[in-house]
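Reading through the structure tokens given below for one structure.
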Amino acid sequence: MTQINENIVWHQHVVDRMQRENSNGHKGAVLWFTGLSGSGKSTLAGAIEHQLASMGIKTYLLDGDNIRHGLCGDLGFSDADRQENIRRVGEVAKLMVDAGLVVATAFISPYQEDRNKVRQLFEQDQFLELYVATPVEICEQRDPKGLYKQAREGKIKQFTGIDSPYEPSLQPELHIDGQLPVTDSVSQIIDLLVRRNIIQLAS
């Protein structure tokens with residue numbers, strides 16, 4: 001666990017989350033997409049970001065590859081580095097939720113323990129775990145980046161779903177069939193956000 005210097009003090013802002021949410025017209029929350037590479041996480045996260053933005057919802061997408069270009073560019077793919085990657089993303093998502101945004105994240109995040117640690121950063125109904133359940137055979141057929149092929153050839157080690165484990169979500173807020181049409185899954189996510197009172201549909 002990271003040790004915090006005793007001279008570092010958390011400062012309360014004059015403008016708090018509730019004021020930002022009131023200004024935005026909706027609550028802040030994180031949509032934590034998890035699933036194998038090629039399961040459809042990034043596609044769904046991008047689709048829901050587009051849908052929410054078209055509805056006037058303040059939103060932002062944190063994508064796994066983009067984060068590794070900057071914030072987590074110093075990390076590799078060992079278990080320890082993967083855990084640190086998810087920890088950092090969780091802290092960034094927390095700041096964005098505090099800003100009143102609906103944040104979509106697209107990360108394999110293969111370990112339930114790491115996902116649970118991120119969940120603990122948030123208040124109830126601020127963290128929604130969305131498990132994109134797609135069989136590894138289908139993911140491998142899609143293989144948009146050619147990663148499964150490289151893993152099978154031994155060019156990539158510790159690849160999730162091949163020689164590194166993925167722990168499926170035990171109790172996600174939403175279990176998404178990764179083989180459904182994207183529009184159907186987006187509708188399910190919007191319905192979840194409405195039911196959790198995070199957004200409201202225009203009457």
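Remark: the Tyr111 side chain and the Asn116 side chain contain no N/O donor-acceptor pair separated by less than 3.5 Å. Residues Arg82 and Ser164 have side chains that bring a donor and an acceptor to within less than 3.5 angstrom of each other. For the residue pair Glu129 and Ser169, a side-chain donor N or O sits within less than 3.5 Å of a side-chain acceptor on the partner. Side-chain polar atoms of Ser42 and Asp63 form a donor-acceptor pair below 3.5 angstrom.
Ring planes of Tyr148 and Phe159: perpendicular class, angle over 60° (limits at 30 and 60°).
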Query raised in the report: Does the pair Val103 and Val97 meet the rule for a side-chain contact (heavy atoms from CB on, under 4.5 Å), with working shown?
Result: CA-CA 7 Å; Val103 187; Val97 169; 4.2 Å; yes
Query raised in the report: Should Asp81 and Ser78 be marked as a side-chain contact (heavy atoms from CB on, under 4.5 Å) after you check the CA-CA gap, both sets of side-chain angles, and the distance that decides it?
Result: CA-CA 5 Å; Asp81 280 359; Ser78 66; 3.5 Å; yes
Report task. For Arg17 and Gln126, run side-chain contact (heavy atoms from CB on, under 4.5 Å): C-alpha distance rounded to whole Å, both residues' side-chain angles, the deciding distance at 0.1 Å, then the answer. Result -> CA-CA 12 Å; Arg17 176 173 53 82; Gln126 284 185 337; 3.3 Å; yes
Requested in this report: Output, in order, the C-alpha distance, side-chain angles, deciding distance and verdict of side-chain contact (heavy atoms from CB on, under 4.5 Å) for Leu201 and Met55.
Outcome: CA-CA 9 Å; Leu201 298 180; Met55 297 166 62; 3.6 Å; yes
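Note on Met96: it clusters hydrophobically with Val89, by side-chain heavy-atom contacts below 4.5 Å among ILVMFWY residues. One hydrophobic cluster holds both Tyr60 and Ile86 under the rule that ILVMFWY side chains link at heavy-atom gaps under 4.5 Å.
The shortest distance between side-chain heavy atoms of Asp114 and Ser109 does not fall below 4.5 Å.
Heavy-atom neighbours of Glu167 CD from other residues, nucleotides or ligands within 6.0 Å: above the threshold of 12.
Here Phe107 and Phe33 keep their ring centres 6.0 angstrom or further from each other.
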